Protein chains: 2
Amino acid sequence: MPDPRPPDRPSRPPVLRPPESREKILEVAEAGFAAKGYAGVGLREIAAAVGLGKSSLFHHFPTKLDLYGAVLEQVLTRLALDLDLQTRPEDGPAERLERWIDAIVRRLAEDAPAARLMLRAMVDQEPYPAIRLIETDRELMPFERRLAGILGRLGGLLEEGIAAGVFRPLGIPDAIQTVVGAVVFHFASGDLGEALIGEDLFSGTAVERRRREVVEFVCRGLRA
Amino acid sequence: MPDPRPPDRPSRPPVLRPPESREKILEVAEAGFAAKGYAGVGLREIAAAVGLGKSSLFHHFPTKLDLYGAVLEQVLTRLALDLDLQTRPEDGPAERLERWIDAIVRRLAEDAPAARLMLRAMVDQEPYPAIRLIETDRELMPFERRLAGILGRLGGLLEEGIAAGVFRPLGIPDAIQTVVGAVVFHFASGDLGEALIGEDLFSGTAVERRRREVVEFVCRGLRA
DNA sequence: GTCTATAGTGAGATAGAC
DNA sequence: GTCTATCTCACTATAGAC
């Protein structure tokens, strides 16, 4: 039986494969930046972990800052997409807040470096001195746009809940800060958190318990 | 009228002034490490901000790591001392928890870089890969001892409150993580937090409002 | 206790061959 | 798209004069 494929064409489609290195680089860089911060990781180190020469990185990302921005964008985009999937506007604010927290917790649990990376990005004064949430003179960077969307969604939820009387009246920006700290810090606390919890922070049981605990805590903290 | 001071002795007492440079270095280094992380600040930069030559730092702190450790120790020691001052064992767990939060908030507000520095120290995998809270083979470092004391005090409070029935039953380590995140993140969020709150995070009114909000939130989250 | 000078290392980035 | 080689610069740390 003759092979229908022409002999000069390999069986795997050769097209649509170029981003393989890029994905690997982003993955390794995410772990590095999360663990040691922007200044703490060298491109040499990242390249070696990927299995490339240092200079090859510059083919994919022209500068270290571009690589960092791309990592942040990918992480925050995944988060934002998860939140979009959870959208069910017919639910009340309390249910939607609970699902907002669910989605964040599940994503931070699945993408272990993400919490560290986000916390750093929000706390660092370098390389981005001020992460902006609203348009000013310059356009927002892609990752800033994503973060603004994520926090804005939480803020809208709180506002709605207060208006509906299911949440007590409180300062929305303050509440955002509290919720973000309560949700994100745990998954960023690494060895310290593990010493405290006495278990791998990212094991299935630990994540599910954490999800329940933090949802309960936040809902009680906000309830009218 | 003759000057009573001998001409070769300056009017200010020359003795008891040696730690002046050391204090300045610690202060500048705290701000630097807080803003940009351990790897992000150079000793040259710190020395310049203090007004010293780079090499003079090594006279006070033999290595960069020693300087970092000293900064952490100072910050956490101030926090621990503030908590000691608040001790009134005759109060119930709820009041003591409220005063625990009060003391932390007031210290983080007074010592602006402290929150960033602490959050970093708890999240970083470098230069200290694992901050330990209990004695193992090696002795705890001074700053680890302080942190263990601060978190241990919170844990004890929670345990007592649950036993007394004023807090609902919950996982103590999880609750510690939640409370720390909720309290500390706000003061570490810098420009992002300021954009959110719309005000200087460290102004008197903002701090007092924050104190009220986070105490209320945490107490509601824990109440039985 | 502070300085200048310098060693030694590793960083980010560029050029150009293949 | 990856490589080798190289540039420039900043870093931690040391040595020794004052």
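By convention in this document, chain letters (A, B, ...) are assigned in the order of the sequence lines, proteins followed by strands, and residues within each chain are numbered from 1. The structure presented is a predicted model; accordingly, all values stated were derived computationally and were not measured.
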- Task: Sugar-phosphate atoms are those with a prime plus P, OP1 and OP2; base atoms are the rest. Using that split, label each nucleotide of nucleotides 11-18 of chain D B, S or - for protein heavy atoms under 4.0 Å, 5' to 3'.
- Result: SBBBB---

- Within-4.5 Å side-chain heavy-atom neighbours: A:Thr178 and B:Arg210: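 Answer yes - side chains close enough.
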
- Message: Any non-hydrogen side-chain atom of B:Leu67 less than 4.5 Å from a side-chain atom of B:His60?
- Response: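 They are not in contact (no side-chain heavy atoms under 4.5 Å apart), so the answer is no.
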
[X] has an atom [atom1]; how far is it from atom [atom2] of [N], in whole Å?
X	N	atom1	atom2	answer
A:Asp66	C:dT14	CG	P	11 Å
A:Phe61	C:dA13	CZ	C1'	16 Å
A:Leu57	C:dA13	CG	P	11 Å
A:Arg22	D:dT2	CZ	P	13 Å

- Message: Among D:dC3, C:dG1, D:dG1, which nucleotide has an atom closest to any side-chain atom of A:Leu52?
- Response: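 From the listed options, D:dC3 comes nearest.
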
Do the side chains of [X] and [Y] get close enough for a salt bridge, i.e. N-O under 4.0 angstrom?
X	Y	result
A:Arg209	A:Glu199	yes
A:Asp82	A:Arg106	no
A:Arg138	A:Glu144	no

- Message: Strictly below 4.0 Å: does A:Ser56 bring a side-chain N or O up to OP1 or OP2 of D:dC3?
- Response: yes

- Task: Determine: side-chain N/O of B:His59 to OP1/OP2 of C:dC3, distance under 4.0 Å, yes or no.
- Result: no

- Task: Applying ring pair (Phe, Tyr, Trp, His ring centres under 6.0 Å), name anything that partners B:Tyr38, two or more places apart in sequence or on another chain.
- Result: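 Once residues adjacent in sequence are excluded, the partners of B:Tyr38 under the ring pair (Phe, Tyr, Trp, His ring centres under 6.0 Å) criterion are B:Phe33, B:Tyr68.
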
